[in-house]
Amino acid sequence: MRHRGCAKNLSRRVEDYLEAILNVTLEKGYARTKDVACELDLSPSSVVEMFRKLDGMGLVEYRRYEGVVLSPAGREIAEAVKFRHDTLKEFLMAIHVPEKIANADACYMEHELHPKTIHQIRLLVETLQSDPAISERIGRNTPRRER
């Protein structure tokens, strides 16, 4: 059973789309089909199909030839997924995982961890960020070939 910290029974794929729509919207101010397709490395036709499904679920408002706008419920879920992703990525980078790997691993982990676990990791990240000496000590203990 997955514990998400937001709406239950949403697939990982739906969460990924909502997060991608949010990311594109934050970057550009809007989310068009081609931008979300690029963000997810998918074909525009696949994205349109999911936009229609998300519209039917009430998570976005899909406008043909214009793109999508997150509904309040969709935005809430997208922000929760993005928070989990950002927290996990920051944690992994704080322990000197290279950014590309940290981002990919965060994508997997964000869907499976319990909200309490994410909360505790966020507290740890804040502690590491407030005392860079801890992170430096971790970095010194990372074998050279892994840095």
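Evaluation of the side chain to side chain donor-acceptor pair (under 3.5 Å) test over residues 97-109, restricted to residues two or more places apart or in two chains, returns H85-N103, K89-E99.
S45 OG to M50 CE: the interatomic distance, rounded to the nearest 0.5 Å, is 13.0 Å. To the nearest 0.5 Å, atoms CD (E39) and CG (D41) are separated by 10.5 Å. With rounding to the nearest 0.5 Å, the separation of CD1 in I95 from CD1 in I134 is 13.5 Å. Of the inter-residue distances, the one linking H119 atom NE2 with F83 atom CZ reads 8.5 Å to the nearest 0.5 angstrom.
Considering every non-hydrogen atom in both L40 and D16, the closest pair reads CD2-O, 4.0 Å. Residue L10 comes nearest to M57 through the heavy atom pair CD2-CE, 3.5 Å, listed as atom of the first residue, atom of the second, then distance. In terms of heavy-atom proximity, L70 sits nearest to A78 at CD1-CB, 4.1 Å. Nearest heavy-atom pair, S71 versus G58, reported as atom, atom and distance to 0.1 Å: OG-O, 2.7 Å. Looking at every heavy atom in both residues, I118 comes nearest to T87 through O-CG2, 3.9 Å. The two residues A94 and L128 have their closest heavy-atom pair at CB-CD1, 3.7 Å.
Under the salt bridge (charged side-chain N to carboxylate O under 4.0 Å, His left out) criterion, R52 pairs with no residue at all, not counting sequence neighbours. Residues passing the salt bridge (charged side-chain N to carboxylate O under 4.0 Å, His left out) test with E61, sequence neighbours excluded: R63. Residues meeting the ring pair (Phe, Tyr, Trp, His ring centres under 6.0 Å) test with F51, sequence neighbours left out: Y62. Taking the side-chain contact (heavy atoms from CB on, under 4.5 Å) definition, one finds that E126 meets it with R122, L123, sequence neighbours left out. Shown here are the side-chain contact (heavy atoms from CB on, under 4.5 Å) partners of T117, two or more places apart in sequence or in another chain: L113, H114, I121.
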Applying side chain to side chain contact (heavy atoms under 4.5 Å, CB included) to L18 and L59, what does each step give before you reach the verdict?
CA-CA 8 Å; L18 294 173; L59 298 174; 4.0 Å; yes

I'd like to know whether E49 forms a salt bridge (Lys or Arg N to Asp or Glu O under 4.0 Å) with K53, so could you lay out the CA-CA distance, the side-chain angles of the two residues, the decisive distance to 0.1 Å, and finally the verdict.
CA-CA 6 Å; E49 183 180 326; K53 179 178 178 180; over 6 Å; no

Please walk me through it: do V60 and Y17 pass side chain to side chain contact (heavy atoms under 4.5 Å, CB included)?
CA-CA 10 Å; V60 302; Y17 267 89; over 6 Å; no

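Under the 4.5 Å side-chain criterion, counting only non-hydrogen atoms from C-beta, T25 is not in contact with Y30. Between E19 and I77, every side-chain heavy-atom pair lies at or beyond the 4.5 Å cut-off. By the 4.5 Å heavy-atom criterion applied to side chains, I21 and L54 are counted as neighbours.
Follow the hydrophobic side-chain contacts under 4.5 Å out from V97 and you never reach M93; the two are in separate clusters. By the rule that hydrophobic residues join a cluster once side-chain heavy atoms approach within less than 4.5 Å of another member, V81 and V69 end up as members of separate clusters.
In Q120, the CD atom is crowded: over 12 heavy atoms of neighbouring residues, nucleotides or ligands sit closer than 6.0 Å.
For S43 and S46, the side-chain atoms include at least one donor-acceptor pair closer than 3.5 Å.
None of E110, R84, K82 except one satisfies the side-chain contact (heavy atoms from CB on, under 4.5 Å) rule with E15; the exception is R84.
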